[in-house]
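Report on one structure; see the data block that follows.
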Amino acid sequence: MPYADVIPQVPSSLEVAVYDGESPPPEGLDEVDFYVLPYTFAPEPLRLLERMPALRVVQSLTAGYEHILPYLRPGVRLCNAGRLHDTSTAELALTLMLASLRGVPDFVRGQDAAQWRYARYPSLANRTVLIVGYGGIGSAIERRLAGFEVEVLRVARRARDGVSTMDELPDLLPLADVVVLCVPLTNETTGLVDKEFLSRMRDGALLVNVARGKVVDTQALLAELHSGRLRAALDVTDPEPPPADHPLWRAPGLLLSPHVGGNSTAFLPRAKRLIVEQLTRYATGEPLAYEVTR
Ligand SMILES: NC(=O)c1ccc[n+]([C@@H]2O[C@H](COP(=O)([O-])OP(=O)(O)OC[C@H]3O[C@@H](n4cnc5c(N)ncnc54)[C@H](OP(=O)(O)O)[C@@H]3O)[C@@H](O)[C@H]2O)c1
């Protein structure tokens with residue numbers, strides 16, 4: 001049981017039961033006041049909320065929480081994963097950028113066919129990378145880009161030193177060779193990357209999405225990919241996962257990963273640390289970290 005070693009680290013004033021999201025839930029759901037959701041986007045663990053009348057806090061192990069909101073009763077507090085996924089997701093963003101630019105998908109296909117596909121691909125060096133959503137993950141991406149000899153542009157909701165706002169995005173998009181998305185999925189960001197957004201990207205530019213699938217208009221992206229004007233690397237898609245006959249699977253210039261940004265060996269130690277810290281705060285009456293204001 002991956003979380004068993006967490007129990008001895010939690011203040012003894014709390015009674016802890018472990019639910020992995022797959023086996024049947026433990027007895028006594030009606031007494032639960034603090035619920036750490038299992039790390040999954042499946043609806044079953046969320047449906048348990050209605051069987052927890054004493055619930056006061058939901059702790060998510062995901063950074064995005066748009067999928068939780070419909071299940072949350074008024075008065076129940078929600079904390080998200082905070083900085084838990086920055087390391088792993090930023091690492092994947094770099095992986096997707098480098099793999100896509102340097103031709104790794106073609107090399108793997110060549111290897112499968114015993115073909116030596118010698119060719120010159122774009123480097124990441126000397127490129128301009130535009131980070132759309134300069135929060136925890138966005139800034140972790142920039143830290144990892146240090147050393148790759150790139151220029152970095154940043155966009156967030158609120159302007160600050162070196163960070164532009166969304167109004168400036170139309171002028172920044174034509175400057176970027178790589179656009180990486182790490183905004184939360186909200187009403188404002190749903191469909192943010194539409195035909196107009198994509199049309200402002202440079203010829204040959206790469207779009208990387210480690211945010212949420214619905215931030216991108218899939219049909220508009222498919223049109224650009226089929227024209228050969230843009231490339232993309234998506235960890236998240238709309239629909240997710242794409243059904244077997246969906247055009248995303250066969251789109252030219254597209255590298256797909258199966259929503260694994262946060263799901264690496266970096267997850268469990270950080271998740272355990274977060275759970276122990278939050279339960280300790282809860283038990284001692286300290287303010288909880290990463291509380292989401294709705
Ligand atoms: N692929 C994966 O496995 C994976 C893993 C973890 C997270 N994610 C996704 O990544 C998202 C970002 O995570 P995070 O932890 O970096 O979040 P975060 O720390 O809250 O940062 C979000 C950034 O987006 C900006 N932003 C918010 N709304 C915006 C809007 N309407 N327009 C423009 N910018 C906006 C924020 O601006 P301000 O700084 O001005 O507030 C902030 O810079 C999550 O919500 C989740 O959906 C995916």
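Both counts, for ligands and for their atoms, begin at 1 and track the order of listing. We're numbering straight along the sequence, starting at 1. Since this is a predicted model, take the numbers as computed values, not measurements.
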Exercise. So which protein heavy atom does atom 26 (N) of ligand 1 come closest to, and at what separation?
Worked result: Pro184 CD, 3.8 Å
Exercise. Looking at ligand 1, does any of its N/O atoms fall within less than 3.5 Å of an N/O of Gly262?
Worked result: yes
For this session: Could you give me the CA-CA distance, side-chain angles and deciding distance for Asp177 and Arg202, then say whether salt bridge (charged side-chain N to carboxylate O under 4.0 Å, His left out) is met?
Result: CA-CA 7 Å; Asp177 303 290; Arg202 258 184 194 173; 2.8 Å; yes
For this session: Considering heavy atoms of the protein only, find what lies nearest to atom 38 (P) of ligand 1 and give residue, atom and distance to 0.1 Å.
Result: Arg158 NH2, 3.4 Å
Exercise. Short N/O distance, under 3.5 Å, between Val236 and ligand 1?
Worked result: no
Problem set entry | From Tyr134 atom OH to Arg157 atom CZ, the distance as rounded to the nearest 0.5 Å | 15.5 Å
For this session: Give a yes or no on whether the backbone of Thr186 and the side-chain of Thr189 come within a donor-acceptor separation of less than 3.5 Å.
Result: yes
Exercise. In terms of the angle between their ring planes, are Phe107 and Tyr121 parallel, tilted or perpendicular, with boundaries placed at 30° and 60°?
Worked result: perpendicular
For this session: Answer yes or no: is there an ion pair linking Asp5 with Lys272, defined by an N-O contact shorter than 4.0 Å?
Result: yes
Exercise. What do you reckon, is CZ of Phe34 surrounded by more than 12 foreign heavy atoms closer than 6.0 Å?
Worked result: yes
Exercise. Looking only at heavy atoms, is any part of Cys182 under 4.0 Å from ligand 1, and if so is it the side chain, the backbone, or both, or is it neither?
Worked result: backbone
For this session: Identify whether the distance between the nearest side-chain nitrogen and carboxylate oxygen of Glu291 and Arg77 falls below 4.0 Å.
Result: yes
Exercise. Relative to the heavy atoms of Val183, which atoms of ligand 1 are at a distance of less than 4.0 Å?
Worked result: 11 (C), 24 (O), 33 (C), 34 (N), 35 (C)
Problem set entry | Arg200 side chain to Glu196 backbone, donor-acceptor under 3.5 Å | no
Exercise. Under the side-chain hydrogen bond (donor to acceptor under 3.5 Å, both in side chains) criterion, do Thr280 and Glu277 qualify, and how do the steps go?
Worked result: CA-CA 5 Å; Thr280 304; Glu277 283 169 4; over 6 Å; no
For this session: Could you check Asn80 against Ser60 for side-chain hydrogen bond (donor to acceptor under 3.5 Å, both in side chains), going step by step and ending with a plain yes or no?
Result: CA-CA 5 Å; Asn80 81 344; Ser60 166; over 6 Å; no
Problem set entry | Any protein heavy atom < 4.0 Å from atom 20 (O) of ligand 1 | no
Seminar exercise, completed: If we number the atoms of ligand 1 from 1 as shown, the ones under 4.0 Å from a heavy atom of Ala63 are 6 (C), 7 (C), 15 (O)
For this session: Give the numbers and elements of all ligand 1 atoms closer than 4.0 Å to a heavy atom of Gly135.
Result: 19 (O), 21 (O), 23 (C), 42 (C), 43 (O)
Exercise. Any N or O of Tyr134 that comes nearer than 3.5 Å to an N or O of ligand 1?
Worked result: yes
For this session: Run the numbers for me: atoms of ligand 1, each under 4.0 Å from some heavy atom of Glu188, listed by number.
Result: 31 (N)
Problem set entry | Asp86 vs Arg83, salt bridge (charged side-chain N to carboxylate O under 4.0 Å, His left out): CA-CA, chis, key distance, verdict | CA-CA 5 Å; Asp86 293 2; Arg83 308 282 44 99; 2.6 Å; yes
Problem set entry | Per-atom contacts, ligand 1 versus Gly64 - under 4.0 Å to a heavy atom | 44 (C), 45 (O), 46 (C), 47 (O)
Problem set entry | N or O pair under 3.5 Å between Thr189 and ligand 1 | no
For this session: Identify the protein heavy atom lying closest to atom 7 (C) of ligand 1, giving its residue, its atom name and the separation to 0.1 Å.
Result: Ile137 CD1, 3.3 Å
For this session: Go through Tyr282 and Asp33 one step at a time and tell me if the side-chain hydrogen bond (donor to acceptor under 3.5 Å, both in side chains) criterion holds.
Result: CA-CA 10 Å; Tyr282 186 63; Asp33 57 339; 2.9 Å; yes
Exercise. Roughly how far, to the nearest 0.5 Å, is OG1 of Thr165 from CZ of Arg160?
Worked result: 10.5 Å
Problem set entry | Heavy-atom nearest neighbour in the protein, as seen from atom 25 (C) of ligand 1, with distance rounded to 0.1 Å | Gly133 CA, 3.9 Å
Exercise. Near Gly136, which atoms of ligand 1 are under 4.0 Å from a heavy atom of that residue?
Worked result: 16 (O), 18 (P), 19 (O), 21 (O)
Exercise. Does ligand 1 have any atom sitting under 4.0 Å from a heavy atom of Arg160?
Worked result: yes
Exercise. Looking only at atom types and distance, does a side-chain atom of His85 sit under 3.5 Å from a main-chain N or O of Leu61, one as donor and one as acceptor?
Worked result: yes
Exercise. Closest non-hydrogen protein atom to atom 48 (C) of ligand 1, residue and atom name please, with distance?
Worked result: Val210 O, 3.0 Å
Problem set entry | Nearest-contact summary for atom 9 (C) of ligand 1 - protein heavy atom, Å | Ala211 O, 3.5 Å
For this session: Please work out which of Arg212, His85, Arg83, His259 has its closest non-hydrogen atom nearest to atom 14 (P) of ligand 1.
Result: Arg83
Seminar exercise, completed: The answer for which part of Asp235 has a heavy atom under 4.0 Å from ligand 1 is side chain
Problem set entry | Winner among Met166, Arg157, Lys214 once heavy atoms are compared against atom 32 (N) of ligand 1 | Met166
Exercise. Can you tell me the protein heavy atom closest to atom 5 (C) of ligand 1 and the distance?
Worked result: Thr89 OG1, 3.2 Å
